[in-house]
Amino acid sequence: MKLLIRNATITDPNSSHQGEQLDLLIDQGVITRVGTGISVSDADDSWDLKGALLSPGWLDIGAQTGDPGLEHREDLEHAAEAAMAGGYTGVASFPNTQPCVHSKSEVHYILQRTRDFLVDFYPIGAVSQDCAGKEITEMLDMQAAGAVAFSDGKLPVAHAGLLMRALLYAKAFGGVILNHPHETSIIPGGQMHEGVVSTQLGMKGIPALAESLMVQRDIDILAYSESRLHLHNISTTRAVSLIRQAKKEGLQISCSVPALNLFFTEEDLKGFDSMLKVLPPLRTEEDRDALIAGLQDGTIDLITSNHVPLEVEAKQLEFSYAKFGAVGLGTAYAAARTALAGRLDATQLVEKFSIAPRKLLGLPVPVIAEGETANLTAFDPEMNWTLEKKDIRSRSKNSPFIGRELTGRALAVVRGDQSRILVDW
Amino acid sequence: MATIQQLSTKHLLGIKYLTPEDIQLIFTTADDFKEVINRPVKKVPSLRDITVANLFFENSTRTRISFELAEKRLSADVVNFSASSSSVKKGETLLDTVNNILSMKVDMVVMRHPAPGAHHFLSQHIDANIINAGDGTHEHPTQALLDAFSMREKLGDLAGKKIAIFGDILHSRVALSNIFCLQKLGAEVMVCGPPTLIPKHIQSLGVIVEHNVREALKWCDVANILRIQLERQDLKYFPSLREYSQYFGINRKLLDELDKQIVIMHPGPINRGVEITSDVADSEHSIILQQVENGVAVRMAVLYLLAAGR
C-alpha cells in the first residue's frame, strides 16, 4: 500500500520540516520520502491537502468507553470511530467499564479487541479494585500487560492514604497516576458550578473549593511520595495557580483541561441544558481565562476530550436527574480551536493534542520524517462547520455541540498502513 | 376586562421570565377575580372547554387546592394526578407521563416537581401551556405573585418598600421567586437566616444579607417568614430546632420592641413555635390567611391570561 500526500503544511515541532509545505510518500506504513514535487506512478492513493496542516497523530487521554459491560453506550469499535472522526490516532481509555480495567485480563481484552484498529488503544488501569477507592490493584501486572498509566478514571481517589500508596508503588516501574480532583463531601449532590447562575437557578452548586481542596491535598501527597502525578481535567483558577506553583517547586506534576471547559461557561447553563451537565462543571469566564493562560504558559500540559458516552435515557431528563458527561472525541479539537482562536496557534495545539499526551504516558512521539512510521493527522484549522447529529460517530449522541458552529476540523488520519479520509475538503 | 391584554410568555416557568408589565397585568386581572370570588356566585365561564391537568410529583395541599379552586371557578375541566398514585414509581419518565396525559387532549399543565428546571425541560418537548407550581429549589412563581399581590394590597405600590425574607433561603423556591418578583416591582429585598441556610452567592442577585433577626426586623416593612424545610435538608444545617427558634424565630417580643408596625407573612404550612410563634402568626400584623385567599385570585389571573394567549 502506497499513499502519496501532497501539499501538506508540516506542523510538527520535532520535525526538521516544521512549517514547510511538502509532499510525503508512505509505503507499507512508513514515511519513505518527504520533499517537493514527489510523483509516483504506482501510488494506491493520493491526497492533495491543498496546504492544510499535517501533524503527528493526536492522542486522547481519559476517554471513557463502555466496553466491556456498557456496550450500549460505547463499544470499542464506536470509540475508535469517534476518535478518528476527531482526528485521533490513539486513545488512552479510562478504566470505568464493567468490570473495571483492574487486572491484566481487562488490559488484554482491550488490546486484543483493538489490535487491528487504525486507532491505537492504550488502557489505563484502575488504581483500586472496582475503582472503589479501597484496595490497591495489581499495577505491576497490568503494566506488564500493557497498561500505560493508573487512575480510577472519572472517580476521584478520595482516600488520601490510597493515593499515597499508589504513588509510591508506581515508582517501582516509573508509572504515572492520574487523579481527577473533586472532593465530593463538601456539597454532596452538587449539580453545576456554585456561583451566580446556580443561585439564579436554585441549583445545588459544586464550589471551586471542591476541586482546589483535592488539588492541594494531591500536591502535598506528591511532594511527600516524590512520584509522578497527573491531575486530570481541572477547571478552576485556583487549581491552575496551585499547579503552577507546584511545577515551580520542581514536582513531577502535570495536568489537563477538557476542551468543553474552554468553550462553555456556567452562563450556558441558564436554559437547564442537560447536555452541558458535565464534570468538572462549567465554571466562570474568569476560570476559563485562567485555564487558557495555563495552557499558554505550559502549566496545563494537554487538552482532553473528556469523552463520556451516555444513552439518551440518561441525558434526556430533568437536569438534576441527568447523568454527568458528554461525548467529546469528535469535537475536542474543534472546540479547543474555536475557543482558543488568537490565544494558541496550530503548533501549540499539536503540542497539547499529540506530543504532551504521549510524553506523559511515556509513549514514543511520532515525527514527520523519512524512515518514521506514519502516524498522522491532517487538519484544517480554518474550516467552519456545524455539528449535526449524524456526524457523531460515537454510539451515544450526548453532545452539547449539535447545531453549533465550530472552526477547525480533522480531515484525515493515517496510522501505519491504514488511513481514513474523514471529510471532504 | 374590556380589552384582552396578553402576557409576554406562553408558560409561567418562573418569575425570572416575566416582565414587570406581565406582573402588573396579572395583578390587575387578579383584582377583578378577587371581586368575582367574593360574589355569591363565584364561577365565571372563562376557561370553559379548556382542560387543565394538575400534576403533582411532590406533596402539596394548599397549592394544589388553590389551583384546583381557581380552575373550577373559571369553569375549566380539571384532572388531578399525584406521584403517589401514579406510574412514576414504576419508572416512567416525566416526558412519557406528561405526553400520555397530553394525548388525552389536555390544554394546560400545572405541575409541581422536585427537580429545578423540570418545567423548562418539559416546555421544550410539549405544546401545552405550563404553569410552574414549584420546581425543587428553583421557583414557585404563583406563590411570589400572591405574596407581592398581598403586600400591594396592604402597602400600595411596592417600589422602595423594604421586604425581608427570613429562614431557610437555601432550600426555598419561594425565596428565589420572591426576590425576582419584588425586585421587578422596585422593592428592596433582604434575606435573613443562619449562614448555613443562605446561598453563598445570593448577594449576586442584589439582595442584602443579614444574620441578626432583630436588625432585619428593624429594617423591613414586611417580614416574609419561610418554613424550615426539614424534608429538603439532607444534612444538618443547624444544630437543633430549639436553637433555631430561639435565635432565628420571630416572636411577639421582637415585634413589640419595634417602633413601627410591620406586616407578617408566611407562605405556609407553618411550623408553629419554630420559625414563628403562634402569637405572631395569629396577630393583627399577620396577613397569612389573606395570602391564601389571594392565592386563588392570582392563580385565576394566571390561568386566564395564559389561556387567552392560546
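By convention in this document, chain letters (A, B, ...) are assigned in the order of the sequence lines, proteins followed by strands, and residues within each chain are numbered from 1. For clarity, every value in this text was computed on a predicted model and none was experimentally measured.
Around NE2 of H159(A), the count of heavy atoms belonging to other residues, nucleotides or ligands within 6.0 Å does not exceed 12. The environment of E286(A) atom CD is sparse: at most 12 non-hydrogen atoms of other residues, nucleotides or ligands sit within 6.0 angstrom. In R217(A), the CZ atom is crowded: over 12 heavy atoms of neighbouring residues, nucleotides or ligands sit closer than 6.0 Å. No more than 12 heavy-atom neighbours from other residues, nucleotides or ligands sit within 6.0 angstrom of NZ on K323(A). Atom CZ of R288(A) sits in a crowded spot, with more than 12 heavy atoms from other residues, nucleotides or ligands closer than 6.0 Å.
The two residues F121(B) and Q316(A) have their closest heavy-atom pair at CZ-O, 3.5 Å. For the residue pair A115(B) and E318(A), the shortest heavy atom distance occurs at CB-CB, 3.6 Å. Of all heavy-atom pairs spanning G271(A) and Q124(B), the tightest one is O-NE2, 4.0 Å.
Within the 3.5 Å criterion, the main-chain N or O of Q200(A) finds a donor-acceptor partner in the side chain of K16(B).
Contact of H119(B) with chain A is not made at all, since no heavy-atom distance falls under 4.5 Å. Of the atoms belonging to I202(B), heavy atoms from both backbone and side chain fall under 4.5 Å from chain A. No part of Q191(A) comes within reach of chain B, as not one of its non-hydrogen atoms sits under 4.5 angstrom from that chain. Contacts of E139(B) with chain A are absent, with no heavy-atom separation under 4.5 Å from either backbone or side chain. With a 4.5 angstrom heavy-atom cutoff, E313(A) does not touch chain B via any of its atoms.
L94(B) CG to L317(A) CG: the interatomic distance, rounded to the nearest 0.5 Å, is 9.0 Å.
Between chain B and the residues S274(A), G205(A), S320(A), the largest count of heavy-atom pairs under 4.5 Å involves S320(A).
For the side-chain contact (heavy atoms from CB on, under 4.5 Å) with P116(B), the lone residue among M203(A), K204(A), M192(A) that qualifies is M203(A).
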Practice prompt. Could you walk me through whether Q203(B) and T199(A) pass side chain to side chain contact (heavy atoms under 4.5 Å, CB included), step by step?
Written response: CA-CA 9 Å; Q203(B) 274 160 312; T199(A) 307; over 6 Å; no
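Residues F272(A) and H138(B) form a side-chain contact, since some pair of their non-hydrogen atoms from C-beta on lies under 4.5 Å apart.
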